[in-house]
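So the structure is just underneath, and the comments pick up after that.
Atom set for the values below is all heavy atoms of this structure, side chains included, hydrogens, waters and symmetry mates excluded. In what follows, residues are counted from 1 in the order of the sequence shown.
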Amino acid sequence: MSRSLVQPVGQKRLTNVAVVRLKKRGTRFEIACYKNKVLSWRSGVEKDLDEVLQSHTVYTNVSKGILAKTKDLNAAFDSDDQTKICLEILDKGELQVAGKERESQLSSQFRDIATIVMQKTYNPETRRPYTISLIESLMHEIHFAVDPHRGSKKQALEVIHELQKHFPIKRSPMRLRLIVPEQEFSSLSEKLTAWNATIVSKDQTGSQISIICELDPGFYRDCEGLMMKLHGRYEVLALSVHAEGDTVIDQYDDHEDEPSRTLNESSDFDLSKKKESTDSDLLKKESADPVLKLSNEMQKQSISTGKGTVVSEGKQNKCNTCNAFVGDSKQYRDHFKSEWHKHNLKRKTRQLPPLTEDECAADMEMDDHKADLKDYSF
């Protein structure tokens, strides 16, 4: 008995296409489009329909090549004009995105959200923005998932609110110029005080007073309504304000004007004597100037990497989380990936003091022992 080779007949399979699907009156209709062209058509960038559609044909299943019946087209669209129906499906239909394309879109939007968060926030200790990689890492820690159907800016504001619950991060203030009549300045000043706004400068021109202030963005709408009520004018000078100066990724010093710290092995400098002679004066100055207090604390800090090894030359980078100086720029970046830093970061969120590297290793070992004991019942 001869065996015949069974082959599919009448099937036109379309692969590597973007499918736009529309369900109408209980029937599903699909069209085959070129990839990355549908969104260009909908945004108005692409004008040529032939560059978007692979064929002016309506299907019920593109992957199997099953064409839509004429009676179904007439019942759903009151027409059998394929091009006209393709246009309607193209405008109103749902784009079916492949797995890799969806992953690429989500990854791109995740990066956009992290960028917005970086621009709108800062580290309260340094008044500098966090790096984009650190923001992405924190977003992963709070298990943030991108919603492709919502705007990036709205999701970024939600991320900021969630990060503030777990990490030291603050919203960057806006810088505004407010101009009000002289008799209304007292009312404006009371409101700015209630909003914890910072007045940068004040200038009077004739019967009007102009001030430049930094305000939390959450009070922007209230400020706008207040200026209308006081018959004043306002101008947005900056959407987010950070510390002055350039931010260099390889350098994380708290103060850019702070000199580099070197330690000469042959020096007989005695830190304890210096502390005894200046303690009384420093306590008075530190209470009045918190920046001076931070600077003095850094000067008192011995230059060590946690293991007690002394670094003799080169500019040192201090990790505020671990409260220690960590070598040059490369060693400082590697330190952020270490278990020592990660463990101290978790302790910082629980408002616990930092540990040295040896103490941290012992603490983590104790946690491992406790975890092992949970596997046994006594």
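- Nearest approach of Ile169 to Gln164, heavy atoms of both residues: O-CG, 3.4 Å.
- In this structure, the side chain of Gln155 engages the main chain of Asp147 through a donor-acceptor pair within 3.5 Å.
- The residues Glu235 and Arg233 are annotated as not salt-bridged, no charged nitrogen and carboxylate oxygen being separated by less than 4.0 angstrom.
- When all heavy atoms are compared, the tightest approach of Arg347 to Leu355 is NE-CG, 3.6 Å.
- With 3.5 Å as the limit, one finds no donor-acceptor pair spanning the side chains of Glu51 and Tyr34.
- In this structure, Lys170 places its NZ atom where only 12 or fewer heavy-atom neighbours from other residues, nucleotides or ligands lie under 6.0 Å away.
- The aromatic rings of Phe219 and Trp195 lie parallel to each other, with less than 30° between the two planes, well short of the 60° mark.
- Looking only at distances, a side-chain donor or acceptor of Arg42 sits under 3.5 Å from a matching main-chain atom of Leu90.
- When each of Thr27, Asp91, Ile89, Ile31 is paired with Leu22, the side chain to side chain contact (heavy atoms under 4.5 Å, CB included) condition holds for Ile89 and for no other.
- A donor-acceptor distance shorter than 3.5 angstrom exists from the side chain of Gln82 to the backbone of Val58, with no hydrogens or angles considered.
- Taking the six-membered ring for Trp and thresholds of 30 and 60 degrees, His335 and Tyr332 have nearly parallel ring planes, at less than 30 degrees apart.
- With salt bridges taken as basic N to acidic carboxylate O contacts below 4.0 Å, none links Glu94 and Arg21.
- Salt-bridge annotation for Glu125 and Lys318: absent, with no side-chain N of the basic residue lying under 4.0 Å from a carboxylate O of the acidic one.
- Under the 3.5 Å distance criterion, the side-chain polar atoms of Glu184 are left unmatched by any main-chain donor or acceptor of Pro181.
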